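Quick note: residue numbers are just sequence positions, from 1. Being a predicted model, the structure only gives us computed values, none of them experimental.
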Amino acid sequence: MTDDLRAAPESIVVLIPSPWDFKAASLLKQTFQETWVQPLEDHAEGGTGYFVVDGQRVDWVIEEAIPELVELCGTSYEPYAASEQIMLEQHSHIWRLVAPGSYEASVAVLKLISAFIEAGASGAFLPQTLRLHSPRTIQVLAMDPTEEQALANVYVNAWHSEAWMRTRGLTAFGMPELETPLNDGLNGAYFRLMDVAANMLRQRGKFPTGSRIMAGPRVYTLEQGPKGPDDDRIPLAGHFGVQVLSP
């Protein structure tokens with residue numbers, strides 16, 4: 001693997017199951033042009049290369065299929081249709097996309113993912129969140145790839161323990177993950193974290209520790225964490241710290 005594809009903690013990484021390899025890259029370029037009405041700059045050498053979208057470089061490498069991805073269909077916002085699941089089961093290649101984490105890069109990568117889906121890819125898996133997005137999920141969330149709430153839904157996830165919930169994915173943007181107690185149920189904690197995460201993407205950075213933040217009907221204080229358990233499934237999450245939304 002090239003140095004460009006050795007992902008740092010603040011890297012956006014996306015695995016795209018596809019029925020075709022780099023020899024069909026012309027199909028992707030045509031689809032990107034039709035979808036976003038702009039050319040896709042492509043540089044390829046064998047099974048590796050990079051795209052340039054809106055001035056953002058996105059490196060890629062083609063890898064072997066991952067049959068186990070089908071086990072994650074239930075993690076998608078929009079459920080997999082039966083035909084989409086069959087496509088996923090039959091994918092023959094994985095396109096690994098890697099870009100430096102930033103708002104601008106996240107928009108560029110989402111445009112690429114959308115073009116892959118329109119060209120016949122069967123989803124997008126984000127290792128930093130352990131979430132697989134179905135084609136229909138991407139079609140919905142990519143309608144406006146610059147909208148921060150949509151970006152949060154693509155690149156950020158949340159997991160919970162008995163009493164706490166914590167985000168996964170903000171590390172890829174060089175920011176701390178967020179956690180909050182389950183004082184008002186799972187839904188309340190989830191939407192609170194995702195709302196604040198979207199605002200962090202909007203302002204391109206974290207909130208200062210000690211901030212008072214309105215989340216839903218209540219005001220929360222942002223404290224230095226962590227207070228909840230570690231995310232042992234993704235040890236990298238929290239590389240840039242953890243902030244706690246405390247009631």
Side-chain angles (χ1 to χ4, degrees), residues 1-32 40-53 56-101 105-106 108-139 142 154-155 157 168-169 171-172 232-237:
M1 185 174 292
T2 67
D3 289 341
D4 291 327
L5 286 157
R6 296 185 186 279
E10 65 273 30
S11 296
I12 294 172
V13 180
V14 183
L15 308 185
I16 300 181
S18 170
W20 39 269
D21 63 13
F22 74 94
K23 295 176 184 177
S26 59
L27 170 63
L28 178 65
K29 294 176 68 174
Q30 178 182 342
T31 304
F32 190 93
L40 175 62
E41 185 180 335
D42 176 35
H43 302 264
E45 184 175 343
T48 64
Y50 65 92
F51 302 109
V52 179
V53 179
Q56 301 295 311
R57 173 168 168 160
V58 182
D59 290 279
W60 59 265
V61 64
I62 296 178
E63 301 173 336
E64 295 181 356
I66 305 177
E68 294 80 8
L69 284 180
V70 72
E71 299 172 8
L72 296 175
C73 284
T75 65
S76 182
Y77 285 109
E78 293 284 340
Y80 265 78
S83 59
E84 293 173 337
Q85 185 166 328
I86 291 172
M87 288 170 55
L88 179 62
E89 291 171 350
Q90 295 178 347
H91 77 276
S92 57
H93 299 83
I94 291 288
W95 286 68
R96 178 184 293 267
L97 307 181
V98 181
S106 70
V109 172
L110 182 51
K111 286 184 174 182
L112 272 173
I113 297 172
S114 175
F116 268 98
I117 295 299
E118 294 300 325
S122 50
F125 173 64
L126 279 76
Q128 61 265 36
T129 66
L130 287 181
R131 169 163 278 171
L132 176 69
H133 293 305
S134 70
R136 286 190 293 167
T137 297
I138 295 300
Q139 288 168 346
V154 171
Y155 296 105
N157 193 4
R168 296 168 170 165
T171 297
D232 54 4
R233 295 193 66 186
I234 308 181
L236 208 60

Engineer: For a 4.5 angstrom cut-off between non-hydrogen side-chain atoms, does Ile234 reach Thr171?
Structural biologist: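 Side-chain contact under 4.5 Å: no.
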Engineer: The criterion is salt bridge (charged side-chain N to carboxylate O under 4.0 Å, His left out); which residues satisfy it with Glu84, sequence neighbours excluded?
Structural biologist: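 Checked Glu84 against salt bridge (charged side-chain N to carboxylate O under 4.0 Å, His left out); matches are Arg136.
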Engineer: Should Ser83 and Ile86 count as side-chain neighbours, where that means a heavy-atom distance under 4.5 Å?
Structural biologist: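 When only atoms from C-beta onward are counted, Ile86 and Ser83 do not touch, as no gap falls below 4.5 Å.
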Engineer: Between NE2 of His93 and CD of Glu64, what distance do you get to the nearest 0.5 Å?
Structural biologist: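 Result: 9.0 Å between the selected atoms.
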Engineer: Please round to the nearest 0.5 Å and tell me the distance separating atom OG of Ser18 and atom CE of Met87.
Structural biologist: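 With rounding to 0.5 Å, OG (Ser18) is 9.0 Å from CE (Met87).
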Engineer: Under the side-chain contact (heavy atoms from CB on, under 4.5 Å) criterion, do Leu132 and Tyr80 qualify, and how do the steps go?
Structural biologist: CA-CA 10 Å; Leu132 176 69; Tyr80 265 78; 3.6 Å; yes
Engineer: Taking atom CG of Leu27 and atom CD of Glu118, what is their separation to the nearest 0.5 Å?
Structural biologist: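 These two atoms lie 11.0 Å from each other.
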Engineer: Could you state the interatomic distance from CD (Glu10) to CG (Leu236), rounded to the nearest 0.5 Å?
Structural biologist: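 Answer rounded to 0.5 Å: 9.0 Å.
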Engineer: Just by modelled atom types, is the Ile66 backbone N or O under 3.5 Å from a matching donor or acceptor in the His91 side chain?
Structural biologist: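 It does hold such a pair.
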Engineer: Do Val13 and Gln128 have side chains that approach each other closer than 4.5 Å (heavy atoms only, starting at C-beta)?
Structural biologist: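 They are in side-chain contact.
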Engineer: Can you tell me how far CD of Gln85 sits from OG of Ser76, rounded to the nearest 0.5 angstrom?
Structural biologist: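 Taking OG in Ser76 and CD in Gln85, the distance rounds to 11.0 Å.
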Engineer: Do the side chain of Ser92 and the main chain of Pro19 share a donor and acceptor less than 3.5 angstrom apart?
Structural biologist: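 Here the side-chain-to-backbone pair exists.
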Engineer: Please name the pair of heavy atoms, one in Ile16 and one in Ala121, separated by the smallest distance, quoted to 0.1 Å.
Structural biologist: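 Looking at all heavy atoms of both residues, the closest pair is CG2-CB, 3.6 Å.
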Engineer: Using the ring of each side chain (for Trp, its six-membered ring), is Trp95 parallel, tilted or perpendicular to Trp60, with breaks at 30° and 60°?
Structural biologist: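 Ring orientation, 0 to 90° scale: tilted.
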Engineer: Where is the tightest heavy-atom contact between Arg131 and Thr75, given as atom of each residue plus distance?
Structural biologist: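 Heavy atoms of Arg131 and Thr75 come nearest at NE-O, 3.0 Å.
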Engineer: Could you check if a side-chain atom of Phe51 sits within less than 4.5 angstrom of a side-chain atom of Asp59, using non-hydrogen atoms only?
Structural biologist: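 When only atoms from C-beta onward are counted, Asp59 and Phe51 do not touch, as no gap falls below 4.5 Å.
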Engineer: Give me the atom names and distance for the closest heavy-atom approach of Ser11 to Ala172.
Structural biologist: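 Taking Ser11 first and Ala172 second, the nearest heavy atoms are O-CB, 3.4 Å.
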Engineer: Can you find a heavy atom in the side chain of Tyr155 that is under 4.5 Å from one in the side chain of Thr129?
Structural biologist: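 Tyr155 vs Thr129: side chains apart.
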Engineer: Where is the tightest heavy-atom contact between Trp20 and Leu28, given as atom of each residue plus distance?
Structural biologist: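 For Trp20 and Leu28, the tightest heavy-atom pair comes out as CH2-CB, 3.8 Å.
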Engineer: Dump the intermediate steps for side-chain contact (heavy atoms from CB on, under 4.5 Å) on Val53 and Phe32, then the final yes or no.
Structural biologist: CA-CA 10 Å; Val53 179; Phe32 190 93; 3.7 Å; yes
Engineer: Is the His133 ring parallel, tilted or perpendicular to the Tyr77 ring (thresholds 30°, 60°)?
Structural biologist: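 It falls in the parallel class, under 30°.
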Engineer: Taking the side chain as C-beta and beyond, is there a heavy-atom pair between Glu78 and Gln139 under 4.5 Å?
Structural biologist: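 No, every pair of side-chain atoms sits at 4.5 Å or beyond.
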Engineer: Is there a side-chain contact (heavy atoms from CB on, under 4.5 Å) between Phe125 and Leu130 once you walk through the steps?
Structural biologist: CA-CA 7 Å; Phe125 173 64; Leu130 287 181; 4.1 Å; yes
Engineer: Looking only at heavy atoms, which two atoms of Ile12 and Gly101 are closest? And how far apart?
Structural biologist: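 Minimum heavy-atom separation between Ile12 and Gly101: CG1-CA, 3.9 Å.
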Engineer: Considering non-hydrogen atoms only, spot the tightest contact between Pro135 and Gly123 and give its length.
Structural biologist: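 Of all heavy-atom pairs spanning Pro135 and Gly123, the closest is CG-N, 4.1 Å.
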Engineer: Between atom CD1 of Ile117 and atom OG1 of Thr137, what is the distance when rounded to the nearest 0.5 Å?
Structural biologist: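 If we round to the nearest 0.5 Å, Ile117:CD1 and Thr137:OG1 are 9.0 Å apart.
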